[in-house]
Amino acid sequence: MFLELPQMLIRTRIHSTLSPEPFAILGMPRTGTHYLEELLNEHPNVLSNGELLNTYDTNWPDKDRLLGSDYELLERAFLRYPTRSDKEVTHVGCKINDPQFQERPGFFAELARWPGLKVVLLVRRNTLESLRSLVQARQTRRWLKFSSDKPVALPRPVTLSIAACEAYFKAAADFNARVASAFETASMVQLEYEELLHDPCACVATVLEFLGVPPLHLSGRGILQRQESRPLSETVRNFRELRDHFAHGPYAKLFDLDQG
């Protein structure tokens, strides 16, 4: 006589005997998730395979993967992931930005249930900077700028609607709170975009220690540079209008030009 074990118990038993250990890099757009992944992938034992939920991510040639269930997609990410011959992988991950979760409503809950998962959450101190950067990147089609890149013209200033700002500020606050409440302290580490740009070596060391991976001396081949270093008052055309609108609410601090 065979007893049917609960599905979650079966999953836990299967994954407890498998390696590598899973991790996910989460964040709103333009918070440094791609940069952190690039740095972590310098480690010979760490492999992060890009945006799991992005149809066009070249790390994932099999676009049909998105037709599977949420659980099947996570199996693909952590158990049947694309390999690399130059790595002996002990920790495997992917990255996911908040808007991608909106397209698969049940995916976040499935991710939070994945046995042994560790999460790296990237945040940006000023959410308005994140939104401005996202709009500029969409306009210029330039998403990254490294120290080795040739000089390019500064991006054009953008105009942001009040409604777009309100929606984005709320989405960022809700997402960061959702991640913080879904994972125990020992299973999550939070990094700031600004610190990642200022001291990438220290941030990578923090993540590697969190994952339980030996330290790494970064090669320095690809140091990320900010594409836009001008203040918000010069890069958002209607900055004063937005500042006046949000002056007496919870987002007023985002318009403080002295904020780091």
(message) Taking side-chain hydrogen bond (donor to acceptor under 3.5 Å, both in side chains) as the definition, give me every residue that meets it alongside Glu166, ordered by chain and number, with sequence neighbours left out.
(response) His245

(message) Going by salt bridge (charged side-chain N to carboxylate O under 4.0 Å, His left out), name the pairs with one or both residues in residues 94-103, residues two or more places apart or in two chains.
(response) Glu51-Lys95

(message) To the closest 0.5 Å, what do you measure between CG (Leu26) and OG1 (Thr33)?
(response) 9.0 Å

(request) Could I get the full list of salt bridge (Lys or Arg N to Asp or Glu O under 4.0 Å) partners for Glu192, not counting sequence neighbours? (result) Arg125

(message) If we ignore hydrogens and angles and just use 3.5 Å, is the side chain of Gln136 paired with the main-chain N or O of Arg156 as donor and acceptor?
(response) yes

(request) List in chain and number order the residues that pass ring pair (Phe, Tyr, Trp, His ring centres under 6.0 Å) with Phe210, two or more places apart in sequence or in another chain; answer none if no residue qualifies. (result) none

(message) Test of understanding: with side-chain hydrogen bond (donor to acceptor under 3.5 Å, both in side chains), list the residues that count as partners of Glu234, not counting sequence neighbours.
(response) none

(message) Main chain of His43, side chain of Lys87: is a donor-acceptor contact present, judged purely on distance under 3.5 Å?
(response) yes

(request) State, with a plain yes or no, whether a side-chain heavy atom of Leu128 is found less than 4.5 Å away from one of Tyr251. (result) no

(request) Examine distances only and state if a side-chain atom of Asn45 and a backbone atom of Glu88 form a donor-acceptor pair shorter than 3.5 Å. (result) yes

(message) I need the Leu218 CG to Glu42 CD distance, nearest 0.5 Å.
(response) 5.0 Å

(request) Compare all side-chain heavy atoms of Val207 with those of Phe23 and state whether any distance is below 4.5 angstrom. (result) no

(request) Supply the atom-to-atom distance Phe239 CZ to Asp244 CG, rounded to the nearest 0.5 angstrom. (result) 9.5 Å

(message) When you measure from the side chain of Asn97 to the backbone of Pro99, do you find a donor-acceptor pair of N or O atoms at a distance under 3.5 Å?
(response) no

(message) Can you list everything that forms a salt bridge (Lys or Arg N to Asp or Glu O under 4.0 Å) with Lys170? Sequence neighbours excluded, please.
(response) Asp174

(request) Name all residues meeting the side-chain hydrogen bond (donor to acceptor under 3.5 Å, both in side chains) criterion together with Asp57; count only those two or more places apart in sequence or in a different chain, and write none if there are none. (result) Asn59

(message) Could you tell me if Arg243 sits above the aromatic ring of Phe255, with its cationic atom closer than 6.0 Å to the ring centre and no more than 45 degrees from the axis?
(response) no

(message) Take a 6.0 Å sphere around CZ of Arg237 and say whether it holds more than 12 heavy atoms from other residues, nucleotides or ligands.
(response) yes

(message) Going by the rule ring pair (Phe, Tyr, Trp, His ring centres under 6.0 Å), which residues pair with Phe78 if we only count those two or more places apart in sequence or in a different chain?
(response) Trp114

(request) First locate atom CG of Leu36, then atom CD1 of Ile25, and finally report the distance between them rounded to the nearest 0.5 Å. (result) 4.5 Å

(message) Looking at Trp60 and Leu53, would you say the former's side chain and the latter's main chain have a donor-acceptor pair under 3.5 Å?
(response) no

(message) Could you check whether any side-chain N or O of Arg65 sits under 3.5 Å from a backbone N or O of Leu52, counting only pairs where one atom can act as donor and the other as acceptor?
(response) yes

(request) Could you tell me which residues satisfy ring pair (Phe, Tyr, Trp, His ring centres under 6.0 Å) with Tyr81, sequence neighbours excluded, listed by chain and number? (result) none

(request) Go through the structure and list residues passing side-chain hydrogen bond (donor to acceptor under 3.5 Å, both in side chains) with Arg104, not counting sequence neighbours. (result) Asp70

(message) Rounded at 0.5 Å granularity, tell me how far CG in Leu39 sits from SG in Cys201.
(response) 8.0 Å

(request) Using atom types as modelled and distance alone, determine if a side-chain donor or acceptor of Ser233 lies under 3.5 Å from a backbone N or O of Arg240. (result) no

(request) Look only at the side chain of Asn176 and the backbone of Ala172, and say whether a donor-acceptor pair between them is shorter than 3.5 Å. (result) yes

(request) Mind checking ring pair (Phe, Tyr, Trp, His ring centres under 6.0 Å) for Tyr168 and listing every partner two or more places apart, or none if nothing turns up? (result) none

(request) For Asp62, enumerate each residue passing the salt bridge (Lys or Arg N to Asp or Glu O under 4.0 Å) test, keeping only those at least two apart in sequence or located in another chain. (result) Arg76

